[in-house]
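Scope of the values below: all heavy atoms of this structure, side chains included, with no hydrogens, waters or symmetry mates. Start at 1 and go down the list; that is how both ligands and their atoms are numbered.
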Amino acid sequence: MPLEKLQGVKLPASADFHVHLRDGDMMDLVTPTIRQGGVNTVFVMPNLVPPITTVDRALEYKQRLQAIEPNVNYLMSLYLHEDVTPETIVEAKKRGITGVKSYPAGVTTNSSSGVVDYSVFYPVFEEMERQEMVLNLHGEAPSTGDVTVLSAEERFLPVLGQLHERFPKLRIILEHCTTAAAIEAVKKCGPTVAGTITAHHLSIIIDSWAGDPFCFCKPVAKTPADRDALLRAAVSGDPKFFFGSDSAPHPAASKRGGDRIAAGVFTQPYTTQVVIDSFEQACENGILKESDITPEILEGFLSKFGRQFYGIGEEKNEFITLVKKGENIANILQSEKLDVVPFRRGQETWTVSWSL
Ligand code: DOR
Ligand code: ZN
């Protein structure tokens with residue numbers, strides 16, 4: 001039984017504040033699918049190979065994205081790295097870069113040049129605070145000692161608290177929250193701290209990725225209680241929580257074969273749809289109530305709160321309409337050179353159409 005009351009609902013276009021659009025053939029394949037997912041604004045992650053650590057490269061990357069799909073607003077970021085200095089931040093602000101993404105060294109895809117000690121970057125954070133730039137944190141402690149993928153996020157949370165305490169005016173986002181503890185930590189901080197929530201973490205749990213490479217990402221999905229905390233935060237109307245899909249495409253071969261499974265769940269062509277599907281499932285399972293899912297709540301989570309936090313307006317006043325009419329998620333997205341498997345391949349979902 002679909003969430004009947006959402007049939008035909010018109011919402012402002014979604015804004016996706018965490019996407020991986022890659023480079024080369026993969027960029028060519030996935031960038032044209034952004035709008036199919038109901039999205040017209042994206043915050044683009046800088047973990048290319050090599051990572052984007054200069055303003056020139058970020059802007060050159062933006063131009064290539066715009067050439068593929070001009071009807072999307074691309075917010076660009078730099079990768080926190082020793083090459084990024086306070087002077088880089090001043091230049092970045094002047095030239096329209098939005099944020100700086102920090103990956104702890106070694107925790108996920110293309111993070112080998114990540115941060116080992118945050119205090120080294122305090123002068124950079126200070127300048128970011130002054131320039132009103134956003135710090136985007138991949139919140140996982142590296143797996144050493146007794147830290148595992150299951151405890152990595154929780155073990156990172158003290159770092160969030162410390163950074164917030166030291167730089168209270170710096171806008172910080174704890175990206176892709178996956179635990180009830182992360183939600184609580186974000187709530188405990190002041191209004192300069194927010195958390196993004198992905199589409200897939202609103203449905204999957206540990207058992208989903210244990211054995212299924214297409215549900216494996218970092219941070220990994222956690223327990224049902226954690227998932228339910230994410231669902232409740234997403235429909236709470238609290239502007240500290242908004243959408244960032246962390247859509248992370250990998251060639252099907254690097255998910256299915258080889259010695260290691262690449263981390264990343266690909267949701268880009270159906271991001272808005274997968275969020276709605278998850279809310280629907282949660283209603284069916286008694287975790288949420290249908291009365292929790294109002295157009296206003298959807299608008300807040302999918303569009304308004306993130307734009308507010310980043311201080312960007314509705315650039316174009318575009319709208320999407322949701323209809324459930326038997327569309328199925330594609331089994332595969334392919335070009336001559338590559339193929340990528342979308343999350344929940346083959347399953348029924350909502351259809352998005354665009355209007356002004
Ligand atoms: O699962 C993930 N994949 N998590 C990340 O943080 C990075 C991403 C990627 O780039 O593939
Ligand atoms: Zn990511």
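Look at Arg232 and Asp292 and you find no salt bridge, because none of the NZ, NE, NH1 or NH2 atoms lies under 4.0 Å from a carboxylate O. One finds a salt bridge joining Arg344 and Asp277 here, because a Lys/Arg side-chain nitrogen approaches an Asp/Glu carboxylate oxygen to under 4.0 Å. A salt bridge links Glu60 and Arg64; the closest N-O separation between the charged side-chain nitrogens and carboxylate oxygens is under 4.0 Å.
Note on His18: counted as a metal contact of the Zn ion (ligand 2), an N/O/S atom lying under 2.8 Å.
Residue contacts with ligand 1: Val265 is placed with no nitrogen or oxygen under 3.5 Å of a nitrogen or oxygen of the ligand (distance criterion only).
The atom name of the N/O/S atom in Asp246 closest to the Zn ion (ligand 2) is OD1. Atom NE2 is the N, O or S atom of His20 at the shortest distance from the Zn ion (ligand 2).
Selection from Arg22, Lys218, His20 by nearest heavy atom to atom 11 (O) of ligand 1 gives Arg22. The heavy atom nearest to atom 6 (O) of ligand 1, considering only His200, His138, Glu140, is found in His138.
To the nearest 0.5 angstrom, Gln281 atom CD is 8.5 Å from Ile287 atom CD1.
Atoms of ligand 1 lying under 4.0 Å from at least one heavy atom of Cys217, given by number and element, are 1 (O). The Ala248 neighbourhood of ligand 1 comprises atoms 3 (N), 8 (C), 9 (C), 11 (O), with distances under 4.0 Å to a heavy atom of that residue.
Heavy atoms of His250 come nearer than 4.0 angstrom to ligand 1 in at least one pair.
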